[in-house]
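What follows is a set of notes on a single structure, which appears directly below.
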Amino acid sequence: MANLIQYAKDQVTELTRKAYEAAAAEGVLPAGAELKGSVEIPKDPQNGDYASSYAMAGAKALKMNPRAIAQALAGHMDLTGTIFSSVEIAGPGFMNFRLGPKWYGDVLAEIEAEGPLYGQGDQGKGQKVMVEFVSANPTGPMHMGNARGGVLGDTLANVLAREGYDTWKEFYVNDAGNQIHKFAVSLQARYLQILLGEENVPFPEDGYHGQDIKELAQGFYELHGDSYKDAEEQTRLDALAAYGLERNIPKMKEDLRRYGIEYDQWFFESSLHESGYVAETVDLLAQKGWTYEKDGALWLNTTELLKKKYLAEGKSQKQVDKLDLKDDVLRRANGFYTYFAADIAYHRNKLEVRGFDKTIDVWGADHHGHVARLQAALDGLGLDGSHRLVVVLMQLVNLLQDGQPVRMSKRSGKAIALHDLLDEVSVDAARYFFNARAATTPVDFDLDLAVREDSENPVYYVQYAHARICTLITRLAEEGYQVPKAAEIQAEVMNTPEEYALIRTLARLPEELRAAARDYDPSRINRYLTELAGDFHRFYGACRIKGEEESVLLARLKLADSVRSVLANGLGLLGVTAPEKM
């Protein structure tokens, strides 16, 4: 679990501390000061591998010129047995450290030791975290937004698990409420049109117009004939909704399974209503004084809850007073609970009943106004929703073909379904492309690019690097060369800029995983893999392996195999295959 980049930074700090103590003991630097500074990786490798600002930061405390401090520190710095080969002074007092062969060899040894788990961290410390994602209404096929949310949530959960979190993947099935009523009404219209003729049965303006609704109604008719024609409307609606859900939910599971997503649980909204948990949650909010009645409905005092939340977060009273805050209905005058009430109950179930330390929801950006309201409601229940509920808001997907946008409209029934997309492009391409940008950035999904087999296609570019290494290893094995152990190679023979750059990139995976988990941004792994593949292709073009003297051949073979291992590792986190041949 070593993070060799952090290890190098820590060693710079320790070397600087010891050098200061030695210089102070000789009277070269004033004693008794505490040197504080930072260690960064310069953008230009010409400026060393690590740059320290300790000399400049210590100028005030030591009352000396920063460059003179840097010279004193460098002159008392013993690099014997360390991972650094030299330290140089630059500019006004920067100290630039250059890594030695030991560090480069240590990176390959660490990759070998940790294998597929290389890069793992412990920032999660076993915390129980749920990642809830997709959670599409089961009223129609999975579409593009679901495709992006699917890979975003799935990969985020994988990254969190690698960082030491105890993760759980969940799909919340909205099988109750207004959407299901609209679904049933749409099915009813199509069913009655089959029986009575389209011209005699108007279709609801806000109904679901998709072809899938017609097909479900036809299937219901073929199963039941006209037996529901004269039934009470609610009986007919219940039967149609049940029929539709019994067919749609397995299709959703099938589409997501094909897409490489398996959930730990499919949680049904209806179970919260049937068990009385929604009513109990609303009663609890009432007991805590956060509700009131108006016009026969029960309202949540969201305004006061949000004011309390925002003031606790540091907003001023003046700022809060300017906000356009509104209250929310929890129970309508007809006695039915709202979707918001069910959502509060569901998240109470996650945090209180099932004991998750944190719940991370992946939502479409159009739900941004709902985030603070739900967090505030959970705060009102004493569940610290402002910290324990994290919502990753996801921007839209723009589908392109021949350089032109492909129009999508759920209302008109022309939405591009996930299963249709996967008929056109591979699962690997879909998963890689949909996770290629941070959730806050819209994704342009270029259908033409996704099927290209060249370096312009990022997933092909990364997979080709992996396959290329596998082929190299096979060919060298035929000549009697096996991938050596890290302890058996001479790291010092790897001394070209391309080798150094490639190993430094390999060393970055632990940092990238830590940042991806911290920022809830798994797209960092895509960018990292693309960069690693590029560094490998440059290394392979500049550094011969076959035909070199044995010490160089074996060191470079080990380096190539380390890249293969890390590429497979990262692609696995994305749910993308690492082919051995292409």
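- Under the 3.5 Å distance criterion, the side-chain polar atoms of Asn457 are matched with a main-chain donor or acceptor of Leu449.
- Side-chain contact annotation: Gln375 with Asp379, donor-acceptor N/O pair under 3.5 Å absent.
- Counting heavy atoms from C-beta on, the side chains of Ile344 and Leu381 come closer than 4.5 Å.
- The pair Glu21-Lys18 does not meet the salt-bridge criterion, since no charged nitrogen lies less than 4.0 angstrom from a carboxylate oxygen.
- Within 6.0 Å of the OH atom in Tyr50, the count of heavy atoms belonging to other residues, nucleotides or ligands exceeds 12.
- Using a cut-off of 4.0 Å between Lys/Arg side-chain N and Asp/Glu carboxylate O, Asp361 and Lys350 are scored as salt-bridged.
- No side-chain heavy atom of Glu110 sits less than 4.5 Å from a side-chain heavy atom of Tyr7.
- Around the CD atom of Glu479, the shell of radius 6.0 Å holds more than 12 heavy atoms that belong to other residues, nucleotides or ligands.
- Looking at Arg527 and Asp521, a side-chain N of the basic residue comes within less than 4.0 Å of a carboxylate O on the acidic one, giving a salt bridge.
- To the nearest 0.5 angstrom, Leu574 atom CG is 5.5 Å from Thr155 atom OG1.
- Electrostatic pairing of Glu531 and Arg508 counts as a salt bridge here, judged by a charged N lying under 4.0 Å from a carboxylate O.
- Under a 4.0 Å N-O distance rule, the pair Lys125/Asp122 does not qualify as a salt bridge.
- A side-chain donor from one of Glu170 and Tyr346 sits under 3.5 Å from a side-chain acceptor of the other.
- Looking at Arg538 and Asp535, a side-chain N of the basic residue comes within less than 4.0 Å of a carboxylate O on the acidic one, giving a salt bridge.
- Within 6.0 Å of CZ in Arg475 there are 12 or fewer heavy atoms belonging to other residues, nucleotides or ligands.
- Taking a cutoff of 4.0 Å between a charged side-chain nitrogen and a carboxylate oxygen, Glu512 and Arg524 qualify as a salt bridge.
- Counting heavy atoms from C-beta outward, Phe133 and Ile360 have side chains that stay 4.5 Å or more apart.
- Dense packing is recorded around CD of Glu488, with more than 12 heavy atoms of other residues, nucleotides or ligands lying under 6.0 Å away.
- Using modelled atom types and a 3.5 Å distance limit, the side chains of Arg468 and His537 yield a donor-acceptor pair.
- Gln265 and Arg354 form a side-chain donor-acceptor contact under 3.5 Å, judged by distance and modelled atom types alone.
- The cationic group of Lys128 lies under 6.0 Å from the six-membered ring centre of Phe356 and within 45° of the ring axis, placing it in a cation-pi geometry.
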